[in-house]
Student: 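Could you have a look at this structure, given as C-alpha cells, before my questions?
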Amino acid sequence: MQQLEQDLKAALSAAIQQVFGAAVPAEQLTIQPTRKDFAGTFTLVTFPLTKALGKGPEQIGQALGEWLQANEPRVNGFNVVKGFLNLEIADAEWLRLLRQLRAQDIAAPVQTGGPQRVVVEYSSPNTNKPLHLGHLRNNFLGYSVAEILKATGATVTKANLVNDRGIHICKSMLAYQQYGQGETPQSAGIKGDHLIGKYYVLFEKHYREQIKQLEAEGVSNEVAKREAPLMRHAQEMLQAWEAGDEEVVSLWRQMNGWVYEGFNDTYQRIGVDFDKFYYESETYLLGKERVEEGLAKGVFFRKDDGSVWVDLTDEGLDQKLLLRADGTSVYMTQDLGTAELKYQDYQYDSSVYVIADEQNYHMQVLKLVLKKLGKPYADAIYHLSYGMVDLPSGKMKSREGTVVDADELVQEVTDAAKQTTAELGKIEGLSEQEANQLFHTLGLGALKYYLLKVDPKKRMLFDPNESVQLQGHTGPFIQYTHARISQLRRKAAEMGIRPELTEGVATLHETERDVVQALASYASAVAEAARTYSPAVIAQYAYDLAKTYNRFYTEVPVLPEPDAAKRSLRVALSAQVADTLRQSLKLLGITAPERM
RNA sequence: GGUCACGUAGCUCAACUGGAUAGAGCACCUGGCUACGAACCAGGAGGUUUGGGGUUCGACUCCCUACGUGACCA
C-alpha cells in the first residue's frame, strides 16, 4: 500500500515533467486517501502546484489524470473535484495486493527504520498497596507499546522498576507491627498486596487522628504532620532499614514477599509480563557517581551548604537539586543512576518510560541532565507520558477511598461479559472451564480496548458502564468479527472450499476493494503506532478493519456464492481479515477467541 | 507567580500532521435475521471545533489574545 502510494507519486512527478515540463520531486506532492463520498482511492491535492505550473487547480488535475490513465496501468479511472484529483485503482492491482498479503506472514516484522534495541519500563508499582485503575492504563500501555515495537523487528526488554523501599512501605510495616497480630495472607484469606494495602490505610487513619489531636492542642498543621508519633516512628523505621537493622529488614522482606505474590497474581490475570525486574532497594544509592562525574566535568555545582545542583536556566527551567547537603539522594539522583544501569545492561537505542504526565517536568529534567553529562543515551530516552484516568465522580484519591481496585475491576468486567453472553444464549457447547475462560477473555478485551483506544497523552474519563459494553466501538466488537470469520472458515473447510485466489475473478465488489485496502494498510498502521508510541493507532485500525469487513459481510454472500472462484476469493479475503484482526489485537494484548 | 498540556455532537472519543460537506460509538427515532453468527448492518436527527483576532488558495490543526480545566515547578 505504501509502495503503491510511492509509485503513484513518482508517476505523478513524471507526469508533471511530461505534461508541464516542470520538475516537482515526488516527495513534495500531497497525496491522501480519498474521502468516502468520492470515487477513488488516492487523492492528489493540486492547489500547491498552481504557482509552479501557472495553471488552475482543475486544469492541472484533469491533465495529470488523463496522463496517468494512459500511462499507469494501475490507474483505471479518475475524477477531478475542485483542486482534488481522485485516482481509481484497477481491480487487478487490488487482487495483486491481496495475493501478496496472503503470501506473507502477518507476524513478520514491519520494517520502519526505527529503534532496534528498546527497553520499555512500565508498571513500576509501589509495594504498599494493590494496583488500581491508573496502574491498569500504565500496564496496558507499556505491554502494548512493547508488542508494537517488537512488531517492527526491534528487540524489546520489558522492565519493571519496583519501588520497594521508602517511607510509604514503612508506614504499612509500622501499622502491621502495631495492629497486625501476626496476620498473614493465608490466615486472613486476603491477597498479599491487599493485606499490605489494608495496613497502609490503617496507618493513614490513625495518623490523621494523631494530627487532629495535636492540632486540638494548639500545634500547627505543619508541625503536627511532622511530629505525630506514628510519623516519627515510621521515619525511625526507615532509618533502621537503611542501617540494615535485622528485624526491620526481615519484616520488610516478608511483607514485600506477600505483595509480590499478589502482584504476580494480578499481572497474570491481566496478561502482562516482564523480562527484567529492577528493585529500588538495590538502585537507590546509585547515581552519586553521576553527581561526582558532573561536578568533575563542571556541569553541576556545589552550594555553600554542600548540596549539589544543576543550573537549567538556559533551557528555560530553573536550578534543580541533585544531592542534599547531608549527602543523601533525591529521586533525580536515583534516576540518573538507573538510567546508566539500564544502558549498561542493554545498550538501548530507545528507552521508553511509561509514566503519568504529572512527571513531565521531572522527565524533562532527567533528559537534560543526562545530556549535560554528555551521555550518549540521553536522546534515546522517550517519556511515554499518559494522562490520568478520571472517574465520573472526579479524580481518584486513595485517601478518600475513591480508587478503583484493579482486581475488583477485572472481576466486574468478567461478570458483565458472563451476563451478556448468557443473555445472548451463546454458551451452548462450552464446558464450564471454557466458558469461564471466554468471559475473562471478553471482559478483559473490553477493558483493555477501552483504556487503549484513547490517545495516551490525553486525560480520559473512565465510565464503569461503558467499560463493560460489548457493542459498538469496543474490543468485543472486534473479537466478535474475528469469531464470526473463524466459524466461516470452519464451515468453508467442511464444505471443501479452499481459501485461494484463482485467475477466475476479474472484477471486485466495491466492499471487497474496501476490505483489501484496509488489509493493505496494516503495515502503515503498525509503523505509525511505533513512531508515535501509541496503541490507540492500532485500536482505531482494528476497529476500522472490522467495521469495513462487517459491511462486506452483509452485502456480499461468501459461502452461498454460486461462482466457485469468487467463493474461494471471499473465503481467502475473510481469512486474511481474521488473521489481521488477531494480530492487531495481539499488539494490544487482547486475545481473539475462535468462538464467542 | 512561572512552565507545560488539554478544550471537537447531550456523553465518550476520531480526524492520515495545513486540504473537499469535521467522522465513529453510546443514548434517541426508523428499517433489516426461511443465504454464511443480529455482540451485526443500513438510514434519520444531532456541530459557530470554548470566545475573539491573525497568517493563506485553504485552519479543529499554525500564531496572538481572553476564558475554562488539569498537572507540575518554587
Side-chain angles (χ1 to χ4, degrees), chain A residues 5 30-38 43-51 56-57 80-86 312 315-321 356-365 385 387-388 390 392 394-395 417 420-421 423-426 442 445-446 450 453-455 457-463 465-467 469-492 495 497 511 521 524-525 527-528 531-532 536-537 539-541 543-544 546-547 549-562 567 570-571 574 595-596:
Chain A
E5 192 173 328
T30 320
I31 213 165
Q32 61 189 15
T34 304
R35 290 186 67 92
K36 278 179 199 158
D37 336 304
F38 301 95
T43 296
L44 174 77
V45 188
T46 60
F47 290 107
L49 296 169
T50 51
K51 266 184 191 158
V80 177
V81 183
K82 295 193 274 185
F84 301 93
L85 167 60
N86 301 321
L312 298 172
E315 281 80 9
L317 305 177
D318 50 10
Q319 297 189 348
K320 192 78 194 165
L321 178 69
D357 61 8
E358 58 192 358
Q359 301 278 350
N360 281 356
Y361 182 81
H362 179 82
M363 291 304 294
Q364 195 186 354
V365 171
S385 163
M388 294 288 181
D390 282 323
K395 193 182 168 175
T420 306
T421 305
E423 279 167 10
L424 293 171
K426 299 210 175 186
L442 295 178
Y450 183 80
K453 72 176 175 184
V454 181
D455 182 351
K457 70 168 179 279
K458 288 196 178 169
R459 206 178 172 87
M460 68 175 289
L461 184 83
F462 181 83
D463 184 327
N465 294 322
E466 264 187 55
S467 70
Q469 283 301 318
L470 312 181
Q471 287 146 13
H473 190 184
T474 66
F477 170 89
I478 302 165
Q479 290 172 315
Y480 172 76
T481 305
H482 177 270
R484 192 160 68 168
I485 298 174
S486 298
Q487 172 77 348
L488 184 79
R489 291 171 94 164
R490 288 191 289 272
K491 285 210 170 152
M495 293 164 66
I497 305 169
T511 58
S521 304
S524 52
E528 169 74 2
R531 190 177 64 78
T532 57
V537 173
Q540 193 68 43
Y541 169 77
Y543 176 71
D544 288 340
K547 192 97 183 132
Y549 177 81
N550 285 338
R551 167 139 201 206
F552 154 81
Y553 185 83
T554 48
E555 294 224 358
V556 179
V558 180
L559 300 180
E561 166 61 43
R567 199 164 56 217
R570 286 172 189 165
V571 173
S574 301
R595 59 187 83 212
M596 60 187 275

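Order of the sequence lines sets the chain letters (A, B, ...), proteins ahead of strands, with each chain counted from 1.
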Student: Please tabulate the protein-to-nucleotide N/O contacts below 3.5 Å involving nucleotides 10-13 of chain B, giving atom names and distances.
Tutor:
residue, atom, partner, partner atom, Å
B:C13, OP1, A:Leu461, N, 2.8

Student: Taking the same atom, C1', in B:C4 and in B:A9, what whole-Å distance lies between them?
Tutor: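 Nearest-Å result for B:C4 against B:A9 at atom C1': 29 Å.
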Student: Consider the side chain of A:Leu559, meaning its heavy atoms from C-beta on, and name the nucleotide among B:C73, B:A38, B:C36 that approaches it most closely.
Tutor: B:C36
Student: Report, as yes or no, whether the 6.0 Å neighbourhood of atom CZ on A:Arg489 holds more than 12 heavy atoms from other residues, nucleotides or ligands.
Tutor: yes
Student: A:Ile485 CD1 to B:C40 C1': how many Å, rounded?
Tutor: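 Spelled out: CD1 on A:Ile485 to C1' on B:C40 is 12 Å.
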Student: According to the interplanar angle, ranging from 0 to 90°, do the rings of A:Phe84 and A:Phe47 count as parallel (below 30°), tilted (30 to 60°) or perpendicular (above 60°)?
Tutor: perpendicular
Student: Check whether any side-chain N or O of A:Lys547 sits under 4.0 Å from OP1 or OP2 of B:C41, and answer yes or no.
Tutor: yes
Student: Using whole Å, report how far CE of A:Met388 lies from P of B:C6.
Tutor: 16 Å
Student: Which pair of heavy atoms, one from A:Met596 and one from A:Ala483, lies closest together, and at what distance?
Tutor: CG-CB, 3.6 Å
Student: Within the 4.0 Å heavy-atom criterion, would you say A:Tyr543 contacts the bases, only the backbone, or no part of the nucleic acid?
Tutor: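 Answer is sugar-phosphate: A:Tyr543 comes under 4.0 Å of backbone atoms only.
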Student: Choose from B:C41, B:C73, B:C16 the nucleotide whose nearest atom is closest to any side-chain atom of A:Asn550.
Tutor: B:C41
Student: Heavy atoms under 4.0 Å, any strand shown: does A:Glu528 hit a base, just sugar-phosphate, or nothing?
Tutor: base
Student: Under the criterion of centre distance below 5.5 Å and interplanar angle below 30°, is A:Tyr480 classified as stacked on the base of B:G37?
Tutor: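 Here A:Tyr480 fails the 5.5 Å or the 30° condition.
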Student: Reckon A:Lys457 has a side-chain N or O less than 4.0 Å from the OP1 or OP2 of B:A5?
Tutor: no
Student: Do we see A:Phe477 stacking on the base of B:A39, given a limit of 5.5 Å between centres and 30° between planes?
Tutor: no
Student: Please confirm whether the backbone N or O of A:Asp463 pairs with a side-chain atom of A:Tyr450, one donor and one acceptor, at under 3.5 Å?
Tutor: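 The answer is yes, because a donor-acceptor pair under 3.5 Å joins these two groups.
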Student: Within the distance-only criterion (no hydrogens, no angle test), does the side chain of A:Thr50 pair as donor or acceptor with the backbone N or O of A:Thr46 below 3.5 angstrom?
Tutor: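 Not confirmed, A:Thr50 side chain does not pair with A:Thr46 backbone.
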Student: Syn versus anti for B:U17, judged by chi lying within 90° of 0?
Tutor: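 Syn, since the glycosidic angle lies within 90° of 0.
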